[in-house]
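In what follows, a single structure is set out as structure tokens and then discussed.
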Amino acid sequence: MKTKLFSTIALIMMLLSQGVFADNDQVTAETAKPSQCTSINGRIVDAQSGEFLVGVLVKLEGTDKVAYTDFDGKYSFDQVPKGSYSVQVEYVSYEKKSSETFNTEENNTVDIKLQAAK
């Protein structure tokens, strides 16, 4: 009986230690150091008129980050781990649009022109 109890406790301890000391290489906004993070910003405008679009839903693909444009069509994402991303934009009566994938080491500004839906 003692041997079975000892084996069970040893197994539980081993499983707990693996979870606690597991090596997680994925960098998230919560675990990243300030030098590993950046910001991404841009402006959303109407493709035909060039007018700024207010209240556009902007998503940073691959993350749970969401922003809305202000009165000047500007949006921004702060504390984004450096890497490759795409920006997805949705707005009522306009076609959905995604930016090309970009690397934050090379570009942090993504401006998008939206076409009115047909």
Side-chain angles (χ1 to χ4, degrees):
M1 181 73 171
K2 282 187 177 183
T3 306
K4 194 172 194 180
L5 180 63
F6 179 74
S7 297
T8 304
I9 292 173
L11 179 63
I12 291 171
M13 295 296 288
M14 183 181 74
L15 292 173
L16 287 174
S17 67
Q18 286 180 345
V20 171
F21 298 109
D23 185 22
N24 186 357
D25 291 336
Q26 186 176 8
V27 177
T28 64
E30 293 79 27
T31 62
K33 297 175 185 170
S35 63
Q36 294 174 310
C37 288
T38 188
S39 62
I40 298 171
N41 56 59
R43 195 172 250 180
I44 311 298
V45 299
D46 180 284
Q48 190 171 4
S49 69
E51 291 182 19
F52 306 131
L53 297 176
V54 179
V56 177
L57 173 64
V58 184
K59 299 177 185 177
L60 190 58
E61 291 184 5
T63 72
D64 60 352
K65 293 187 177 283
V66 174
Y68 290 90
T69 56
D70 64 12
F71 288 107
D72 295 321
K74 295 179 184 178
Y75 71 90
S76 68
F77 297 104
D78 295 325
Q79 294 298 312
V80 178
K82 293 180 181 177
S84 295
Y85 297 97
S86 178
V87 173
Q88 183 181 23
V89 180
E90 296 178 29
Y91 196 51
V92 175
S93 74
Y94 283 83
E95 296 177 3
K96 287 183 182 180
K97 187 167 185 180
S98 290
S99 71
E100 292 183 19
T101 302
F102 61 95
N103 189 316
T104 57
E105 296 289 333
E106 301 166 5
N107 183 21
N108 288 33
T109 302
V110 180
D111 296 331
I112 295 178
K113 295 179 180 181
L114 289 182
Q115 295 285 342
K118 295 179 183 182

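The chain is numbered in sequence order, starting from 1.
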Do [X] and [Y] belong to the same hydrophobic cluster, where Ile, Leu, Val, Met, Phe, Trp and Tyr are linked whenever their side-chain heavy atoms lie under 4.5 Å apart, directly or via other members?
X: Phe52; Y: Ile112; result: no
X: Val45; Y: Val56; result: no
X: Leu60; Y: Leu53; result: yes

Out of curiosity, [X] [atom1] to [Y] [atom2], how far, rounded to the nearest 0.5 Å?
X: Lys96; Y: Leu57; atom1: NZ; atom2: CG; value: 9.0 Å
X: Asn41; Y: Thr109; atom1: CG; atom2: OG1; value: 4.5 Å
X: Asn107; Y: Thr101; atom1: CG; atom2: OG1; value: 12.0 Å
X: Asn108; Y: Ser76; atom1: CG; atom2: OG; value: 11.5 Å
X: Thr104; Y: Gln36; atom1: OG1; atom2: CD; value: 11.5 Å

Would you confirm whether [X], through its side chain, and [Y], through its main-chain N or O, come within 3.5 Å as a donor-acceptor pair?
X: Asn103; Y: Glu105; answer: yes
X: Lys65; Y: Asp78; answer: yes
X: Ser86; Y: Ser99; answer: yes
X: Asp111; Y: Arg43; answer: yes
X: Thr69; Y: Gly55; answer: yes
X: Lys82; Y: Thr38; answer: no
X: Tyr91; Y: Val54; answer: yes

For the residue pair [X] and [Y], establish whether any side-chain heavy-atom pair is separated by less than 4.5 Å.
X: Tyr68; Y: Tyr75; answer: no
X: Gln115; Y: Lys97; answer: no
X: Tyr94; Y: Val89; answer: no

- Query: For the residue pair Ala116 and Glu95, what are the closest heavy atoms and their distance?
  - Reply: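 Closest pair (atom of Ala116, atom of Glu95, distance): O-OE2, 4.0 Å.
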side-chain contact (heavy atoms from CB on, under 4.5 Å) test vs Phe77 passes for just one of Val58, Thr63, Val110, namely Val58
